[in-house]
Each structure stands twice: as C-alpha cells, then as structure tokens.
Amino acid sequence: MQPGYVPLGKGNFYADSLDEYVFRYKTNNTIVIKKFGDALPSSSSNEVSALEKTFVVSKNLAFKGIADFNNDGYSDILWQKPNGVLAIL
C-alpha cells in the first residue's frame, strides 16, 4: 500500500469468507478495497496475490463503519452526510 492511505477496517465484500481491507487516502478521498487472496504465496513466487478496487467519495462523507447492513451477504460501508443522512456503499 502506498504511503498516505489510512486503514478504515475490513469486511467480506465478495461474500467469499475472506476479508478485504478498506483504506482511505487522506488528501483526495480515494477509497481502496484490497483483497489479498487466500494470503498464501503462489507456487512460482513469494508474493501474495492481491485484487484491488478503487473509487472516490465526496470529501463531505464521514466514514461510520463496515458491516452487512442490508443482509445481502456482502459487507457494506456506512457513510454520513453533513446533514446527518446515512448512506450505504
């Protein structure tokens, strides 16, 4: 992970029983969900495979938590707008 990213937490965003980690870049509000596969090195190298999803959220959204808020089997990210309204991503 590049410098400047702050960990927010982890969740099961792919419903595959493996945790993915969520980071927020502290200056431009880029969110990264990083999956490290089964965390076992491949047979051809000592590197752990990783899958990464990146998106940008508004600066006005405050991170509130990670859980399966809508009971669909996938973790969600809960945000709060300045007016108090909650949003699930």
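A quick note: this is a predicted structure, and the numbers were derived from the prediction, not measured.
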Legend entry - CZ on F69 to CG on L89, rounded to 0.5 Å: 11.5 Å
Inset, instruction - Would you name the heavy atoms of N12 and S75 that are closest together and state the gap between them? - result: N-OG, 2.7 Å
Legend entry - Spacing of N70 atom CG and I88 atom CD1 [to the nearest 0.5 Å]: 6.0 Å
Inset, instruction - Could you pull out all residues at least two apart from Y25 that satisfy ring pair (Phe, Tyr, Trp, His ring centres under 6.0 Å)? - result: Y5
Legend entry - Heavy-atom side-chain proximity of F13 to I77 below 4.5 angstrom: yes
Legend entry - By ring pair (Phe, Tyr, Trp, His ring centres under 6.0 Å) - contacts of Y74 (at least two apart): none
Legend entry - From L61 atom CG to R24 atom CZ, the distance as rounded to the nearest 0.5 Å: 7.0 Å
Legend entry - Any donor-acceptor pair under 3.5 Å from D68 side chain to G73 backbone: yes
Inset, instruction - Take W79 and I31 through the test side chain to side chain contact (heavy atoms under 4.5 Å, CB included) and record every step on the way to the result. - result: CA-CA 12 Å; W79 302 95; I31 301 296; 3.6 Å; yes
Legend entry - Point-to-point distance, once rounded to the nearest 0.5 Å, from NZ of K34 to CD of E20: 12.0 Å
Inset, instruction - Would you indicate whether the side-chain heavy atoms of K53 and V32 approach each other to under 4.5 Å? - result: no
Legend entry - Cluster overlap L78 with V22, hydrophobic side-chain contacts below 4.5 Å: no
